[in-house]
Structure formats: C-alpha cells, structure tokens
Engineer: 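Mind looking over this structure? Questions follow.
As a basis for the values below, the full set of heavy atoms in this structure was taken, side chains included, without hydrogen atoms, waters or symmetry mates.
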Amino acid sequence: MALRRIATIVDASSPPDGLLPGHLLPPDTTVWLVTDGKVGDLAPCRGLAQALGPCAEERRIAPRPPFSWLAPRGPADPRERALAPPWPDLAIATGRRAVPALRAIKRRSGNETFTVFLRDPRIGTRAADLIWVPTHDRLRGANVIVTEAGPHPVSPARLAAARAHPDPRLSALPSPRIAVLVGGDSRHGHFSEADAARLLDGLERLSEGASLMITASRRTPAALRAALADLVRRRGGFAWDGSGGNPYLAMLALADTIVATGDSANMVVEACAAGVPVRLFEPANVYPRHRTLFEDLKRHGTVHAFDGRVEALRPKPLDMTLAIAQAVANAYMGHRHALARPGVP
C-alpha cells in the first residue's frame, strides 16, 4: 500500500456511526502498545494510538536471555509478565524484541487480537496482521503500508493547544524564533567533534538575527551540550537545562523555523509536522537508511539543508499519521466484521 494509494482519510468532524468525534475506532476498543520501553519505539506507537482515538495501555516487555538473544525469530519469554490476559482487541508493537511478544499475543488470543507492527519486523509479512514500513525499508506485501514518514505523537491538536497556552519561557522571546532539536550519538553512528563544530558555527550565525530555542537529548555529547548553553548565554534565547517540563512540543508550536539534527529520523519527522520550514543538519556519518528518508523529504520540499541562514522558505508540512491510522482502522474493522460472521474461526 504505497503512499499515494493509502486509504482515504475520513472527516473527523463527521465520524461514522458508533464513533466519537476525532476517533477512528469505537471508544471501547482495548489497545496495547508493546515495546521494550525505548523512547524511539514508544513515540510512533503513541502517535498511532492517539490518532486512532481509544486510550491505549503500554505493555513494556523485558525478555530474559536466551529469549532476548533469539528475537525476532525466537519465541516469547514464557515468563514475560507483560503478556497476560485479558487480551486486547488491538496490539501495536515495534522493536526487534517485541516481535515474539506480538506473535504470542496473536496466538494466545485465539487469533482475535488484531496485530500491527511498525517498521520491518525482519521475519517477513506474517509477523503481524498489518505492518507499516518507511519507503527505505524493502519489505512489501498485501498487508504492508508504505509511506515516507511514519506515525508520531506531534498532532495538529497538540500543536494548537501549545500555541493557545504558550510556554512562558519561550513566548516572550523576540521573533523570528528558531527551534533547535539536537540529538547526538546513537547505535548507528558517533556525533563527532567536527559535526559539533559545524553545527555550532551555523547556529552562531543564526543567533545574530533570531531567537534560538534549544533542546538537547540524553545522547548529546557533554561538550556540545555545554557549548549550546554558552551560545544562549552570550546571544540570548533559551536552552533547556533539564529543569522543569521539557518544552519540546512548545518549541515546535512556537517556531518560525526548525533546525533538526539527522541522527534521529523520529525527530526530523516530528519537525516536519509543525507546518514551518525545517532545516536539516546532517552529521557526516548519517545512517544510510535515514539518508534515503532525508532525500525523499528534500525532494518533497519539506526539509532543506542547514547552512546557517534563515530564508523565506515556503513550508511544506508532511504528516502521514492520520492516513496510517485510517488504514489501520479500516483493516481492524474488517477483522472484527470477519470474526463476527458465522463459521469464521
């Protein structure tokens, strides 16, 4: 199911019979989000669940060796506490270690639970009833949804709420305001000193005519984090130091432009939903799969290379969360109707 053939998005202001406004599934639908707790895995699951409507329960798995070593192909840990009935109507999972757990839920529920996996499960299309993958993953099949950008929790409603009640730490900053989303080292690559110097040089130039709103991650090298804080002390602006609530969403909502580092595909995709131009800073060793995504986003006109300048760019937001959620809802409702038919096992 390619991007341009994805299911039609319903008008949420006129929900089908039995659905609440803004809901794609009946409100009594039980939903589990199955991950091992990694932030990068939870974010797309939460975003998809929010778009579907019903409240979701997060089930964090922690398989022990050898079951953790055998994932995704091996069985689920039989002593996994998160896998206990009553089984949900819908289970959404992502991450290598969640594949055996999702398959176990399907089997133990007597095939009644509808299962969804986000990203390539590495064991083929039978891993779940429905699978979403980005275009740079090779998996294809009748039950596979393919889009450039994946689901995420930065919804239009949440952005609107953040604008209606702006974070006072940010709203007083003079315009233009530039949100700077900084990642760092990951299992796919190291954020080098040369990368840090190049980023800081560009931000130094940006700060001459704009207010910087900077948030770093737990992966940001300590020296880079300190240099970002020093930049704000000298030039003004805001850098989140870890105290108080994380203003990440508020930054996206109040930004005139966003600068995001390319070590995190999730972060870049979330920035693309904010409706403002996105400047992409690419570390020297960008993960090859991320590079393919970024080239797609550049061709779409959603992101532009970071060069230390702010220009009048026409924003081209890209947010596939609701379209993916609609495809999931359509498939789930088809599954429920099939179960309700006489003679269906």
Engineer: What closest approach, in Å, do Pro277 and Asp256 show between heavy atoms, and which atom pair accounts for it?
Structural biologist: CD-O, 3.5 Å

Engineer: Check the side chains of Asp319 and His152 for a donor-acceptor pair under 3.5 angstrom, ignoring hydrogens and angles.
Structural biologist: yes

Engineer: Could you tell me which non-hydrogen atom of Ile61 sits nearest to which non-hydrogen atom of Arg97, and how far apart they are?
Structural biologist: CD1-O, 3.1 Å

Engineer: Pairs in or reaching into residues 77-122: which pass ring pair (Phe, Tyr, Trp, His ring centres under 6.0 Å), with residues at least two apart or in two chains?
Structural biologist: Trp32-Trp87, Phe114-His335

Engineer: On a heavy-atom basis, which atom in Ala284 and which in Asp195 lie closest, and how many Å separate them?
Structural biologist: N-OD1, 3.0 Å

Engineer: Please list all pairs meeting ring pair (Phe, Tyr, Trp, His ring centres under 6.0 Å) that have one or both residues in residues 43-78, counting only residues at least two apart or in different chains.
Structural biologist: none

Engineer: Which residue pairs pass the side-chain hydrogen bond (donor to acceptor under 3.5 Å, both in side chains) test with at least one member in residues 120-132, sequence neighbours excluded?
Structural biologist: Lys106-Asp129, Thr115-Asp129, Asp120-Arg122, Trp132-Thr147

Engineer: Using the side-chain contact (heavy atoms from CB on, under 4.5 Å) criterion, which residues pair with Ala49? Sequence neighbours excluded.
Structural biologist: Leu33, Ala56

Engineer: Work out which heavy atom in Gly150 is nearest to a heavy atom in Thr321; give both atom names and the distance.
Structural biologist: O-OG1, 4.0 Å

Engineer: Is the backbone N or O of Leu118 less than 3.5 Å from a side-chain atom of Thr94, with the two atoms forming a donor-acceptor pair by type?
Structural biologist: yes

Engineer: Within this structure, what is the CG-CG distance for the pair Leu249 and Asp167, rounded to the nearest 0.5 Å?
Structural biologist: 10.0 Å

Engineer: If we ignore angles and hydrogens, is there a donor and acceptor under 3.5 Å between the side chains of Asp263 and Thr261?
Structural biologist: yes

Engineer: Should we count NE2 of His165 as having more than 12 external heavy atoms under 6.0 Å?
Structural biologist: no

Engineer: Are Thr29 and Asp89 linked by a side-chain donor-acceptor pair shorter than 3.5 Å?
Structural biologist: no

Engineer: Kindly write out the residues that satisfy side-chain hydrogen bond (donor to acceptor under 3.5 Å, both in side chains) with Lys298, not counting sequence neighbours, or none if the list is empty.
Structural biologist: Glu282, Glu295

Engineer: Which atoms form the tightest heavy-atom contact between Ala149 and Val269, and what is the distance?
Structural biologist: CB-CG1, 3.9 Å

Engineer: Between Glu58 and Arg46 (salt bridge meaning N to carboxylate O under 4.0 Å), is one present in this structure?
Structural biologist: yes

Engineer: Can you name the residues that form a side-chain contact (heavy atoms from CB on, under 4.5 Å) with Tyr287, not counting sequence neighbours?
Structural biologist: His188, Arg289, His290

Engineer: Write down the atom of Gly40, the atom of Arg119, and the distance for their closest heavy-atom approach.
Structural biologist: O-NH2, 3.3 Å

Engineer: Surrounding CZ of Arg234 (heavy atoms of other residues, nucleotides or ligands, distance under 6.0 Å), is the total greater than 12?
Structural biologist: yes

Engineer: Hey, are Asp77 and Arg79 close enough for a salt bridge, meaning a charged N less than 4.0 Å from a carboxylate O?
Structural biologist: no

